[in-house]
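See below for the structure under consideration.
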Amino acid sequence: MKQTVFLETPVNFSFRHTVYAHGWCDLRPFNLDEKNWRLSYVFADPAGAVSPAVISDAGGKLKIELLGTKVDKKKLLRDVRHILRIDEPLDEFYDLTRGEERLAWIAAANAGRLLRSPTVFEDLVKTICTTNCSWALTKNMVANLVESLGEESSGGDRAFPTPQAMASVPAGFFRDEIRAGYRSPYFAELAESVASGKLDPEEWLHSDLPTSELKKEIKKVKGVGDYAAENLLKLLGRYDGLALDSWLRSQFYKKHNKEKTCSDKKIEKHYKKFGEWKGLAIWCDMTERWFDGKL
DNA sequence: GCGTCCAGGTCTACC
DNA sequence: GGTAGACCTGGACGC
């Protein structure tokens, strides 16, 4: 049985720019139907109910088609607000970038919201999956996690695995089945910490710590270095760090340094004027052309 | 077919 | 605090 609900969106919200803002829409249990611009995700609630939903733009609101009936509808709507960052204020960022000719498109397009997962745990695991490998391998590892350990809905769709599910298998499982390589013990340790209550990544969403201190906390997780911590901080709504990786650096060299390599300090200096928004500024700047012909 | 390189890095040991 | 070397995987590339 299918249910449809609608969710109001703010005037400066762009569904397509949010969904396509970075690669997360490509990682299970997300799936993007680019032809019809429908984003699907397999939601799960703490009671274990699993429900796929399809989200699409309905002009000033979102249309959400629920394909399961058992899921907690209130929680699901909270999750949708969270993953699409509907309540995130970007006015200050837009004011800053409007003053830059090459970045004025961001406010005009209502861009800058980065799609995220319903839980910080899921974003943390996915971020570790992006380190030191190709995007194809990242997708493969995430898909293997979902297929092997994700709770299954009545229709056969699988949610992202819970910390408990990931903690129930040995490190060797991540190596042999997930193909996570050297990351395997990191996943086993992280899952055990979260499942046992020793670590609660969801607390980072509302932490009072300054970003530099929170970054130190995040880096205590094995497998998380500067890039991964700063990438996760962006998904927590903190954009002080650039989250430089080889892709972002190469894009900067092409766009702003005549295709020549340069130091990270030079990249930092380039975006310094955006202050605590510089991480979002570089990301929007480097991904501007992603939207050519896509929207 | 085989070897090498490298991609949306991080950890550890050592200085 | 800075640096070198090791670490998994799998696709691309050259031979």
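Sequence lines set the chain letters: A, B, ... in the order given, protein chains first and strands last, and positions in each chain run from 1. Bear in mind that the values here come from a model prediction, so they are computed numbers and not experimental data.
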Covered region of DNA chain B, 5' end to 3' end, by chain A [heavy atoms, under 4.0 Å]: dA7(B) to dT12(B)
Check: Leu235(A) main-chain N/O paired with Arg116(A) side-chain donor or acceptor under 3.5 Å: yes
Aromatic plane relationship, His270(A) with Phe252(A) - under 30° parallel, 30 to 60° tilted, over 60° perpendicular: perpendicular
Any Leu199(A) side-chain heavy atom under 4.5 Å of Pro201(A) side chain: yes
Parallel, tilted or perpendicular, as decided by the 30° and 60° cut-offs, for the rings of Tyr239(A) and Trp277(A): parallel
DNA chain B-proximal residues of residues 244-270 of chain A, any heavy atom under 4.0 Å: Asp245(A), Ser246(A), Trp247(A)
Criterion side-chain contact (heavy atoms from CB on, under 4.5 Å) against Leu114(A), the qualifying member of Leu84(A), Thr287(A), Leu280(A): Leu280(A)
Same-atom distance (P) from dG8(B) to dC7(C), integer angstrom: 23 Å
Salt bridge present between Glu288(A) and Lys255(A) (N-O < 4.0 angstrom): yes
Side-chain donor or acceptor of Lys234(A) paired with backbone N/O of Leu242(A) under 3.5 Å: yes
Strand contacts (DNA chain B) in residues 213-239 of chain A, 4.0 angstrom heavy-atom criterion: Val221(A), Lys222(A), Gly223(A), Val224(A), Gly225(A), Asp226(A), Tyr227(A), Ala228(A)
4.5 Å side-chain heavy-atom contact, Asn12(A) and Arg113(A): yes
Flag side-chain contact, heavy atom, 4.5 Å: Leu190(A) against Lys222(A): no
Donor-acceptor side-chain pairing of Ser56(A) and Arg38(A) below 3.5 angstrom: no
Test: Lys75(A) and Asp45(A) ion pair at under 4.0 Å: no
Donor-acceptor pair, side chain of Ser184(A) and main chain of Gly172(A), under 3.5 angstrom: no
Nearest-angstrom distance, C1' atom, dA6(C) to dC6(B): 15 Å
Side-chain heavy-atom pair Phe160(A), Leu149(A) within 4.5 angstrom cut-off: no
Could you list the donor-acceptor pairs under 3.5 angstrom formed between side-chain atoms of residues 119-127 of chain A and any protein atom two or more places apart in sequence or on another chain?
from: Thr119(A); atom 1: OG1; to: Glu122(A); atom 2: N; distance (Å): 3.0
from: Glu122(A); atom 1: OE1; to: Tyr41(A); atom 2: OH; distance (Å): 2.7
from: Glu122(A); atom 1: OE2; to: Tyr41(A); atom 2: OH; distance (Å): 3.1
from: Glu122(A); atom 1: OE2; to: Ser117(A); atom 2: OG; distance (Å): 3.3
from: Glu122(A); atom 1: OE2; to: Lys126(A); atom 2: NZ; distance (Å): 2.7
from: Asp123(A); atom 1: OD1; to: Trp24(A); atom 2: NE1; distance (Å): 2.6
from: Asp123(A); atom 1: OD1; to: Ser117(A); atom 2: N; distance (Å): 3.1
from: Asp123(A); atom 1: OD1; to: Ser117(A); atom 2: OG; distance (Å): 2.5
from: Asp123(A); atom 1: OD2; to: Ser117(A); atom 2: N; distance (Å): 3.2
from: Lys126(A); atom 1: NZ; to: Arg28(A); atom 2: O; distance (Å): 3.3
from: Thr127(A); atom 1: OG1; to: Asp123(A); atom 2: O; distance (Å): 2.7
from: Thr127(A); atom 1: OG1; to: Asn231(A); atom 2: ND2; distance (Å): 3.3

SG-CD1 distance between Cys262(A) and Ile267(A), expressed to the nearest 0.5 angstrom: 4.5 Å
Between dC2(B) and dC8(C) - P atom distance, rounded Å: 24 Å
Paired stretches of DNA chain B - 3 or more consecutive Watson-Crick or G-U pairs, each distance under 3.5 Å: B:1-7 with C:9-15, B:9-15 with C:1-7
Could you go over nucleotides 9-14 of chain C and give all protein N or O partners under 3.5 Å, atom names and distances?
from: dG10(C); atom 1: OP2; to: Arg179(A); atom 2: NH2; distance (Å): 3.4

